[in-house]
Amino acid sequence: MTLTAVEKQALYIAMVRSRAFEEAAGALAASGDIPASWLSGIGQEGTLGAIVQLRADDYLTITHRGAYGFIGRGSDPRRLLAELLGKKAGYCKGKGGRHIADLEHGILGKSGTVGGHAPLAIGVGTAIQNWGGDQVVLSLFGEGTSNRGTTHASMNTAAVWQLPVVWVCENNGYVGNVPASVYTATPDIADMAASYGMPGEVVDGNDALAVHDAARRAIVRARSGSGPSLLELKTYRIRPFAESATDVRDPAEAVAWRDRDPVAGLRDRLLESGELTLADAEAVTAAAREEMAAAAAYARESPFPDPAAAFEDLYA
Amino acid sequence: MTLTAVEKQALYIAMVRSRAFEEAAGALAASGDIPASWLSGIGQEGTLGAIVQLRADDYLTITHRGAYGFIGRGSDPRRLLAELLGKKAGYCKGKGGRHIADLEHGILGKSGTVGGHAPLAIGVGTAIQNWGGDQVVLSLFGEGTSNRGTTHASMNTAAVWQLPVVWVCENNGYVGNVPASVYTATPDIADMAASYGMPGEVVDGNDALAVHDAARRAIVRARSGSGPSLLELKTYRIRPFAESATDVRDPAEAVAWRDRDPVAGLRDRLLESGELTLADAEAVTAAAREEMAAAAAYARESPFPDPAAAFEDLYA
Amino acid sequence: MMRSITTAQAMNEALAEEMRRDPAVYVVGLGLYPSAGESATSGLVDEFGELRVRSAPMSETAIAGSAVGAALVGMRPVAELHLADFAFNALDEILSKSGKWRYTHGGNDGMKLPIVFLEGIGGYVAGASEHSQSPLALYWHFPGLKIAVPATPYDAKGLLKTAVRDDNPVMFFTHKLGAPGPVPDDEYVVPFGEAVVRRPGADVTVVATSYMVVLSMEAAANLADQGVDVEVIDPRTLEPLDIETIVASVVKTGRLVVVDEDTERCGVGAEIGAQVMERAFTALRAPVGRVANPNLPVPYSPPLEQAVLPSITSIETAILATLTN
Amino acid sequence: MMRSITTAQAMNEALAEEMRRDPAVYVVGLGLYPSAGESATSGLVDEFGELRVRSAPMSETAIAGSAVGAALVGMRPVAELHLADFAFNALDEILSKSGKWRYTHGGNDGMKLPIVFLEGIGGYVAGASEHSQSPLALYWHFPGLKIAVPATPYDAKGLLKTAVRDDNPVMFFTHKLGAPGPVPDDEYVVPFGEAVVRRPGADVTVVATSYMVVLSMEAAANLADQGVDVEVIDPRTLEPLDIETIVASVVKTGRLVVVDEDTERCGVGAEIGAQVMERAFTALRAPVGRVANPNLPVPYSPPLEQAVLPSITSIETAILATLTN
Ligand SMILES: Cc1ncc(C[n+]2csc(CCOP(=O)(O)OP(=O)(O)O)c2C)c(N)n1
Ligand SMILES: Cc1ncc(C[n+]2csc(CCOP(=O)(O)OP(=O)(O)O)c2C)c(N)n1
Ligand SMILES: [Mg+2]
Ligand SMILES: [Mg+2]
């Protein structure tokens, strides 16, 4: 199934908005407005190829990195940035910071432990199955996170119960400054799928259309009740592990991967095929930057919560 | 490499002694001498094909089931049974019960949580590697236990570090009364090996010679520094999950598996090949029964620990 | 009508009733079918099917974590973790993904986590160090969890129904021991945060939960023969804790002993003692007594286990000590 | 000679010295090389190589559990778990496979578990609920672990060397905050179980560990201006606890406040309060004050975090409250 021009444009817009959001967040981290740090997803926006095709009633579990999950699902950048700045108007009233939930858009919160989301994903799959619904849950994780026991136990359970989960490993080759060869024994995380008798596929994660295509198959499979799949997106994190961290990776790597920038890559292909004009491309970027600048201003001007709010929200 | 007649006889003797131990322990459980219960390994003695070829300085991590690990390594049945009866003369002075350690024979203790041993095994492998030794650690686990995150994280780590660990999954098809299809998505646990780029092999677990052969290859590999392997022994537990538990499995299954009894199976083959005489076989069985009866008597007559001993042994 | 049934039967009834009442309620745990022998989940699969009585792979992490995910999207899971000892494998899921999750996310969009975690506790059965623990303080220490510790089949049923209906994660602990007891035929619930005075008395207040109530009642009966009048209070839930009832009793008796099967350090006795000191300092005529495991793993051998876990004798001794102080 | 160095540098020195002294000592943890920035393990790989400075796959379970296995066969592992929040994934390994293992096995054949678990603790850095915890009571509650909680680079170095040489599992907690401090060039160790009186005083005893010592010293200085003479005691290790020094102080002052960054319920304050009550009931002239996290996850936003975690002001208020009581 090929995408229509409109669908491709929508995907491109999501990627550009995500990139612009990341840049705004990075700037707010650099200026000290974000009291903690920011873990940039720049370079990994190809994952949006999978995310944008979720239905409004589908679910997504995110990782610690980037904001494309939120942007792709339709979350409000103003409330996202307000949360990162610890403001009352944030999605979690300032209590969560990077730990953001947007239940309205099917994003159930962020675990502080990486790999904490996988067991939650099978719970969402359980609910869908019990209701007899045809939603899916897309569950992201890093290749380092594949090491954790939660990943294994959750994939196994999803396979045994034939849950509508699409597992998406974003393999950016590093845990912090440590290269993958130091913590995974095989080059492909997709190999894990064999343990659970489910399809496993390696995809060029920087080719958003390739990601879209592979994810479509996995989503169709999950939606039709045929069970989980595992996609591994090979990609690269352009920024340091966190904005506050020092990068000791070989800079030549980043240079090479910049040439394969997923956002620019899709733009060039759409320009070439005529599905996007240069003027449109520029307008999209300008609009996204403006939107995110406004969101940043909103977040900065927004008030901090009252200290008394610290004593609310523990119990429902 | 084929086994000499003497080696085969030694293996057979270990299996017979193990079976006799199990029968003695089962009787002590039935009579109430064991204050808790006993998890019988009857039917799974084929695993001794792997265990008996360990060197005196190798290590073994056991499971919650059976005693063949101890018997195969040379532990004293009297102290084993004394421990199961909570007596002072036991390997753990009565503090452990089924949780037995015999450091002298390279058995480091028993975890109350299944799957608790796998991380310990990679620690032992770490030590061997750091010392530059050529020992191996053989690590047993059930197929149900393969579900746990510890199993995955430990196998992955062993593979990344190329540790001298031989993983041996005893697949007896059940977790309690629940058949494997309810908790594992593929029929073969050996498939997990692919995730870690290590060899994985399915073996007839009731054929002790086949187990010996497969384990030999894995042990040689580990000893030579080439890293871990995974063996899956297909077998069956003849007794209920625990002596205190009710068995709701189809009795026809046990009947079929009894025909494939690993102890009788090896005996018949050795009789056929002339490597064992009927008289020898009978003598071996009689001696084992006598040994275990004496051990049971020793354990029963042995004193309980003084209550004051409860306050010792917390810290070294 | 009253019948005498076991705690497991009482819980089984509670689960069946709640599952009939609300289709969002389901049970997930290890080896839930086919089962032999009586447990809180026995037979439920026959009425409710395999989707609502989910036999899970052998991973406490998956069982507890999946409950969180399902709760977040509107289900009401009951996660059967078997023994508290095994649940150590799921503490990130229970402590951080359940207890702290709502607060962390500021209650986003009315977030709720209606989960019941079932855990068996207790020793006295030669279970040794990893099948005998009662780690109540572990859970009470962390924020966001409610904690039910029934001592009778009646309370087990009534509190479990309340737990299932609560919109927050509830740790539900049941002891391996305990006698059958009267349970009405008619439906009822037991609210959280309401202690029961199991035995009124004037001389010393004893606070105990779960199986410790049984031992404390026996100790109190023995001491009554010696003319010591013990009041035994069973809080039934630790979180919320009915501290008012406890404080009122201590104001009356001036003396308090907390009996707890868990290890003593940073335990239930320390906390209840601290709260009582904060609220009724001048009423206390003796230091708060603590009867608990003296910070040891539970040993296997029966004479050792008896030496480590609270006993009728050690409770009596502690009560008498507060009187001579 | 003294230099002023950070806690991370002090720990780095301790590890290097101990690794030189004893080839059985090795470090294992997540992402130990290549690293950027200063940590307790920085640069060790250059001197000791990749076998003794093991970069592990991303599993706290594997890191902690492998340390147990290696310790059982004669190694002396230092397991770097990064943050206490992440170590929830390894609690079965730490609580049951380390703390209880020796006792469970009756000390079989002289079994020893010389392991150091390094965990970062503490808030005040907008880390939110899962990067800010200080779960000291969690570990103190369970048997068999020793617990070091240094407040200064000096103690961090000296206690870490003692920890590495101890034949038992030691939980070693260091706070995210803390200033550089003087550390001698010459080798030294700090023994376990010896409290330090950070500031002598006659009116109230304050017990604090780790970063809470810093805040308590400031509170004490402020109150000194108001004529309140506060004694600040830093136990340095919770297990073993130097209760004698604390009790002697309370016998002198009659008043005790325990300052603890961890959640209050079943916390360090409850335990120290209970022990003091048991040993010096008549000396106590006011209820033991507890300054701690009021049983909430640590919120992200700085004003909220300030409201939840102990502050100089909240410590002063608690001290004054014990005086008016
Ligand atoms: C259980 C746990 N251990 C460690 C950490 C610290 N940590 C945060 S992100 C991260 C790296 C994860 O690597 P990967 O899954 O490859 O994701 P990436 O950062 O590369 O996107 C680590 C180790 C954590 N948050 N949780
Ligand atoms: C973490 C944990 N969960 C549950 C249990 C209870 N339990 C003891 S043995 C066992 C079955 C394990 O199945 P398997 O690994 O197949 O071994 P088998 O009993 O079949 O030999 C279970 C679930 C446990 N001991 N530890
Ligand atoms: Mg990565
Ligand atoms: Mg099995």
Side-chain angles (χ1 to χ4, degrees), chain C residues 60-61 85-86 88-89 91-96 99-104 106 128-130 133 135-144 238-239 262-281 284 286-290 293-300 325, chain D residues 60-61 85-86 88-89 91-96 99-104 106 128-130 133 135-144 238-239 262-281 284 286-290 293-300 325:
Chain C
E60 286 74 18
T61 304
D85 314 69
F86 306 158
F88 289 180
N89 297 317
L91 286 179
D92 189 46
E93 284 67 36
I94 300 175
L95 301 178
S96 293
K100 306 190 196 102
W101 199 258
R102 182 177 203 280
Y103 184 92
T104 299
S129 70
E130 290 190 60
Q133 292 171 88
L136 303 179
L138 161 64
Y139 295 102
W140 204 18
H141 179 59
F142 285 91
L238 287 175
E239 193 60 36
D262 195 2
T263 42
E264 180 181 80
R265 220 160 37 216
C266 296
V268 170
E271 178 59 30
I272 292 179
Q275 291 195 24
V276 167
M277 196 180 0
E278 280 154 11
R279 291 164 184 249
F281 183 66
L284 274 178
V288 176
R290 296 191 281 174
N293 172 328
N295 303 309
L296 291 168
V298 180
Y300 171 80
N325 206 292
Chain D
E60 286 73 19
T61 303
D85 315 70
F86 306 158
F88 289 180
N89 297 317
L91 286 179
D92 190 45
E93 284 67 36
I94 300 175
L95 301 178
S96 293
K100 304 190 197 104
W101 199 258
R102 182 179 203 279
Y103 183 92
T104 298
S129 69
E130 291 189 60
Q133 293 171 88
L136 303 180
L138 161 63
Y139 295 102
W140 205 18
H141 178 59
F142 284 91
L238 288 175
E239 192 60 36
D262 194 2
T263 41
E264 180 182 79
R265 220 161 35 216
C266 297
V268 169
E271 178 59 29
I272 292 180
Q275 290 195 24
V276 167
M277 198 184 351
E278 280 154 9
R279 291 165 183 248
F281 183 66
L284 274 178
V288 176
R290 296 191 282 175
N293 172 328
N295 303 310
L296 291 168
V298 180
Y300 170 80
N325 206 291

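Proteins get letters first, then strands, A, B, ... in listed order; numbering begins at 1 in each. Note: hydrogens, waters and symmetry copies are ignored here, and every other heavy atom, side chains too, is used.
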- line: When every non-hydrogen atom of C/Trp140 is compared with those of D/Arg265, the smallest separation belongs to O-NE, 2.6 Å
message: Just so I know, are the side chains of C/Leu284 and D/Met277 near enough to count as touching, which here means a heavy-atom distance under 4.5 Å?
response: yes
- line: If one checks every heavy atom of D/Leu296 against chain C at 4.5 Å, the contacting part turns out to be both
field: Side chain to side chain, C/Ser96 and D/Phe88, heavy atoms closer than 4.5 Å
entry: yes
- request: Output the option from D/Asn89, D/Asn295, D/Thr263, D/Leu91 having the highest count of non-hydrogen pairs under 4.5 Å with chain C.
  value: D/Thr263
Toward chain C, the part of D/Ala128 with a non-hydrogen atom under 4.5 Å: neither
query: When heavy-atom pairs shorter than 4.5 Å are enumerated against chain D, which of C/Asn293, C/Val298, C/Val288 gives the highest number?
result: C/Val288
field: Contacting moiety of C/Ile272, where chain D heavy atoms sit under 4.5 Å
entry: neither
message: Looking at chain D, which one of C/Ala270, C/Cys266, C/Gly269 has the largest number of heavy-atom pairs inside 4.5 Å, strictly under?
response: C/Cys266
task: Just give me the residue among D/Pro297, D/Gly273, D/Ala274, D/Pro135 that pairs up with chain C most often, heavy atom to heavy atom, under 4.5 Å.
output: D/Pro297
- prompt: Where does C/Tyr300 contact chain D at under 4.5 Å (heavy atoms): side chain, backbone, both or neither?
  reply: neither
- line: The interface call for D/Phe86 against chain C, heavy-atom contacts under 4.5 Å, is neither
query: Is chain D contacted by the side chain of C/Gln275, its backbone, both, or neither, given a heavy-atom distance below 4.5 Å?
result: both
- prompt: Out of C/Glu264, C/Gln133, C/Arg290, C/Glu239, which one racks up the most heavy-atom pairs below 4.5 Å with chain D?
  reply: C/Arg290
message: Less than 4.5 Å to any heavy atom of chain D: does that hold for the side chain of C/Leu95, its backbone, both, or neither?
response: side chain
Proximity breakdown for D/Ile94 and chain C, heavy-atom pairs closer than 4.5 Å: neither
- prompt: Looking at C/His141, C/Arg279, C/Glu93, which has the largest count of heavy-atom pairs under 4.5 Å with chain D?
  reply: C/His141
message: Do C/Tyr139 and C/Leu238 have side chains that approach each other closer than 4.5 Å (heavy atoms only, starting at C-beta)?
response: no
message: I'd like to verify something: which residue of D/Gly144, D/Gly289, D/Ala137 has the highest number of heavy-atom pairs under 4.5 Å with chain C?
response: D/Ala137
statement: Ranked by heavy-atom pairs below 4.5 Å to chain D, first place among C/Asp262, C/Leu136, C/Thr61, C/Asp85 goes to C/Asp262
